[in-house]
Amino acid sequence: MVSQPINLDLDLLRTFVAVVETRSFTRAAEQRGLTQPAVSLQMRRLEDQLQTSLVDRGGRAVGLTTEGAGLLPQARQLLRLNDEIMATLGEGEPEGEVRFGAPEDIATMHLPGILGTFARSHPRIRLSVTCDYTANLLDQMSRGMLDLALVKREAGGADLGFRVWGEPLVWVGLDASIADLSPLPLIIAPAPDIYRKRALEALQAAGIAFRPSFTSPSLAGQMAALRAGLGAGVLPAAMAPRDLAVLDVLPRLEDSEIALVSARGAGGPAALLAQEVLRSLEHGPHRLRR
């Protein structure tokens with residue numbers, strides 16, 4: 001007798017992804033419109049169906065087992081395919097607006113391709129993109145002005161969004177001689193900015209004298225100042241261009257993280273864009289240095 005295939009319950013998979021992305025059964029319940037016991041029951045049913053443990057419930061935040069980490073990209077792929085089929089054949093082409101925010105450097109380097117692909121796949125969804133500091137983006141989201149945002153956060157800051165990738169930071173300058181100057185001239189963004197915070201903390205901890213030599217909220221302005229030799233600055237390692245020197249002699253900088261934050265109740269078009277962002281960036285951005 002030929003055994004019958006077992007069908008996975010997409011509703012259980014959707015709850016699993018929500019638990020992983022929020023790192024909390026309670027927050028997943030809010031996102032899914034369920035009670036916390038119902039989410040726990042659905043997770044148990046999925047684990048029973050797959051005959052393996054998917055999440056580690058021992059810590060303050062929910063973590064993934066090895067099997068859960070392997071299932072996550074497959075679950076997202078199944079849900080994305082389901083949503084695409086429903087959008088195409090079930091309810092017609094989705095339409096509406098997504099108000100999306102990101103810091104300028106992330107928007108400049110990582111989003112053009114993602115947003116272009118999304119716009120071609122969903123031509124009836126309007127995209128409105130805002131570039132600003134993380135603190136300002138979160139404020140706009142709290143006031144109902146944004147649906148979705150990529151933000152910079154402290155490493156391990158699980159309470160702020162879903163971690164997309166870790167971001168090592170490096171000192172850069174026109175050449176290595178910049179690091180020998182005292183006080184060290186700094187090219188930085190105005191507060192609040194996590195790279196500025198990382199730079200000042202590292203220099204102060206090492207007892208290195210410094211002075212702001214160029215302050216600009218614009219990434220293009222900071223890059224121009226770096227290439228003019230006006231001082232040292234901080235960039236994500238993946239964004240450090242080949243024509244600038246990495247100043248390894250300066251104090252080590254603590255990593256930051258990039259997280260995806262959704263407004264409460266954001267669904268429909270916003271959920272589709274969130275899926276595209278996570279699919280494209282779940283393994284981190286491609287490095288630019290060669």
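Please read these numbers as outputs of a predicted model, since none were measured by experiment.
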A.B. asks: Are Q42 and R14 side-chain neighbours, meaning at least one heavy-atom pair lies under 4.5 Å?
C.D. replies: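 No. Closest side-chain heavy atoms not under 4.5 Å.
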A.B. asks: How far apart are the closest heavy atoms of A202 and L253, and which atoms are they?
C.D. replies: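 Looking at all heavy atoms of both residues, the closest pair is CB-CD2, 4.0 Å.
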A.B. asks: Does L79 reach the side chain of F16, with side-chain heavy atoms less than 4.5 Å apart?
C.D. replies: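 Side-chain contact under 4.5 Å: no.
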A.B. asks: Could you report the tightest heavy-atom contact between D147 and A270, atom names first, then the distance?
C.D. replies: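 Here D147 and A270 meet closest at CB-CB, 4.1 Å.
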A.B. asks: Pairs of donor and acceptor atoms involving the side chains of residues 126-136, under 3.5 Å and at least two apart or interchain, shall be tabulated with distances.
C.D. replies:
from	atom 1	to	atom 2	distance (Å)
D132	OD1	N136	ND2	2.8
T134	OG1	K152	N	2.8

A.B. asks: Are the side chains of Y195 and P236 in touch, meaning some heavy atoms are under 4.5 Å apart?
C.D. replies: yes
A.B. asks: Rounded to the nearest 0.5 Å, what separates atom CD in Q31 from atom OG1 in T22?
C.D. replies: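 OG1 of T22 is found 6.0 Å from CD of Q31.
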A.B. asks: Do I187 and S213 touch side chain to side chain, with heavy atoms closer than 4.5 Å?
C.D. replies: yes
A.B. asks: Atom CD in E97, atom CD1 in I125: separation rounded to 0.5 Å?
C.D. replies: 11.0 Å
A.B. asks: Do F118 and I258 sit in the same hydrophobic cluster, where Ile, Leu, Val, Met, Phe, Trp and Tyr count as joined when their side-chain heavy atoms come under 4.5 Å apart?
C.D. replies: yes
A.B. asks: Say whether, by atom type as modelled, one donor and one acceptor occur between the side chain of E167 and the main chain of S256 under 3.5 angstrom.
C.D. replies: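 No; zero donor-acceptor contacts below 3.5 Å.
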A.B. asks: Under a 3.5 Å distance rule, please check whether S216 uses its side chain to pair with a backbone N or O of G221 as donor and acceptor.
C.D. replies: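 Not a single qualifying donor-acceptor pair exists.
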A.B. asks: R80 side chain to E276 main-chain N or O, any donor-acceptor pair under 3.5 Å?
C.D. replies: no
A.B. asks: Before accepting this row, confirm whether a basic side-chain N of the pair E254/R252 lies closer than 4.0 Å to the acidic partner's carboxylate O.
C.D. replies: yes
A.B. asks: Locate the shortest heavy-atom distance separating M43 from V55; write the atom from each residue and the value.
C.D. replies: CE-CG1, 3.9 Å
A.B. asks: Among the clusters formed by ILVMFWY side chains lying less than 4.5 Å apart, do V234 and L174 turn up in the same one?
C.D. replies: no
A.B. asks: Is a side-chain donor or acceptor of R153 paired with a backbone partner of E257 at a separation under 3.5 angstrom?
C.D. replies: no
A.B. asks: Hey, any chance L169 and V172 share a hydrophobic cluster, counting ILVMFWY side chains that come within less than 4.5 Å of each other, even indirectly?
C.D. replies: no
A.B. asks: Working to the nearest 0.5 Å, report the span between CG of L13 and CG of L10.
C.D. replies: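 Here the interatomic distance stands at 6.0 Å.
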A.B. asks: So that I can tick it off, tell me whether R45 and D11 are bridged by a salt bridge, with the cut-off set at under 4.0 angstrom between side-chain N and carboxylate O.
C.D. replies: no
A.B. asks: Please check if the side chain of Q49 supplies one atom and the backbone of N7 the other of a donor-acceptor pair under 3.5 Å.
C.D. replies: yes
A.B. asks: Taking a hydrophobic cluster as the set of Ile, Leu, Val, Met, Phe, Trp and Tyr residues connected by side-chain heavy atoms closer than 4.5 Å, whether directly or through intermediates, do L184 and L226 fall within one such cluster?
C.D. replies: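 Cluster IDs for L184 and L226 differ.
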A.B. asks: Would you call R143-D139 a salt bridge at under 4.0 Å N-O?
C.D. replies: yes
A.B. asks: When hydrophobic residues are tied together by side-chain contacts of less than 4.5 Å, even through go-betweens, does I188 share a cluster with V170?
C.D. replies: no
A.B. asks: Less than 4.5 Å apart, side chain to side chain, heavy atoms only: is that true for D9 and L46?
C.D. replies: no
A.B. asks: Throw together a table of side-chain donor-acceptor distances under 3.5 angstrom for residues 244-251, partners on residues two or more places apart or in other chains.
C.D. replies:
none

A.B. asks: Examine distances only and state if a side-chain atom of D56 and a backbone atom of T65 form a donor-acceptor pair shorter than 3.5 Å.
C.D. replies: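 No.
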A.B. asks: What distance separates S121 OG from L273 CG, expressed to the nearest 0.5 Å?
C.D. replies: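 The OG atom of S121 sits 11.0 Å away from the CG atom of L273.
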A.B. asks: A side-chain contact here means heavy atoms from C-beta on lying under 4.5 Å apart; do L8 and L50 qualify?
C.D. replies: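 L8 reaches L50 side chain to side chain.
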A.B. asks: Do the non-hydrogen side-chain atoms of P241 and L235 ever get within less than 4.5 Å of each other?
C.D. replies: yes
A.B. asks: Crowded around R44 CZ? As in, over 12 foreign heavy atoms under 6.0 Å?
C.D. replies: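 No - once you tally the heavy atoms of other residues, nucleotides and ligands closer than 6.0 Å, there are 12 at most.
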A.B. asks: For the atom pair OG1 (T35) and CZ (F25), what is the distance rounded to the nearest 0.5 Å?
C.D. replies: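 If we round to the nearest 0.5 Å, T35:OG1 and F25:CZ are 12.5 Å apart.
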A.B. asks: Answer yes or no: is there a side-chain heavy-atom contact under 4.5 Å between L111 and L150?
C.D. replies: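 Side-chain contact under 4.5 Å: yes.
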A.B. asks: Would you call E30-R27 a salt bridge at under 4.0 Å N-O?
C.D. replies: no
A.B. asks: Check L219 against E104 and note the closest heavy-atom contact, atom names and distance.
C.D. replies: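 Heavy atoms of L219 and E104 come nearest at N-OE1, 2.7 Å.
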A.B. asks: Looking only at heavy atoms, what is the nearest atom pair of L148 and A274, with distance?
C.D. replies: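 What the structure gives for the nearest pair is CD2-N, 3.7 Å.
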A.B. asks: Walk me through whether S40 and Q36 qualify under side-chain hydrogen bond (donor to acceptor under 3.5 Å, both in side chains).
C.D. replies: CA-CA 6 Å; S40 298; Q36 193 272 337; 3.1 Å; yes
A.B. asks: If you compare all heavy atoms of D193 against all heavy atoms of P190, which two are closest, and at what distance to 0.1 Å?
C.D. replies: CB-O, 3.5 Å
A.B. asks: Which value, rounded to the nearest 0.5 Å, describes the distance between L200 atom CG and L186 atom CG?
C.D. replies: 6.5 Å
